[in-house]
Amino acid sequence: TDPAALDAFARAARARPADASARKLAIDVARESGDHRAAREHLVALAKVEQLRQQGALPVTRLDAVLREVALDLSPLI
């Protein structure tokens with residue numbers, strides 16, 4: 001497999017880290033080229049993407065209240 005193709009798929013996977021299809025393509029190209037290190041890295045990243053997808057959406061947190069509390073806690077130290 002062409003090293004330029006391997007690099008292109010790796011860049012695509014980095015550009016869209018949450019895109020499972022880009023990761024799968026990068027894994028396939030890495031395997032075909034014999035780059036087992038790259039294939040392993042993409043497999044680990046794909047596992048993380050799938051784990052985050054299964055967790056669902058994160059709750060929305062209002063940061064203004066948190067930041068105000070931190071500022072009040074730190075103000076005596078300044």
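All residue numbers in this chain count up from 1 along the given sequence. If you're wondering where the values come from, they're calculated on a predicted model, not measured in any experiment.
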How many angstroms lie between atom NE2 of His42 and atom CG of Asp35, to the nearest 0.5 angstrom? 8.0 Å
Taking the side chain as every heavy atom from C-beta outward, state whether Leu43 and Arg31 have any pair of such atoms under 4.5 Å apart. yes
Run the salt bridge (charged side-chain N to carboxylate O under 4.0 Å, His left out) check on Lys24 and Asp28 step by step: do they pass? CA-CA 6 Å; Lys24 290 175 184 175; Asp28 291 341; over 6 Å; no
Which heavy atom of Ile27 sits nearest a heavy atom of Leu46, and at what distance? CD1-CD2, 3.9 Å
Distance-only criterion, 3.5 Å: show the donor-acceptor pairs between side-chain atoms of residues 68-78 and protein atoms not counting sequence neighbours.
from  : atom 1 : to    : atom 2 : distance (Å)
Ser75 : OG     : Leu72 : O      : 3.0

How close do Ala26 and Ala13 get, counting heavy atoms only, and between which atoms? CB-CB, 4.2 Å
Looking at Ser33 and Leu6, what are the two nearest heavy atoms and their distance? OG-CD2, 3.6 Å
Could you tell me the separation between the CZ atom of Arg14 and the CZ atom of Arg23, rounded to the nearest 0.5 Å? 8.5 Å
Nearest heavy-atom pair of Ala30 and Ala39: which atoms, and what distance? CB-N, 3.6 Å
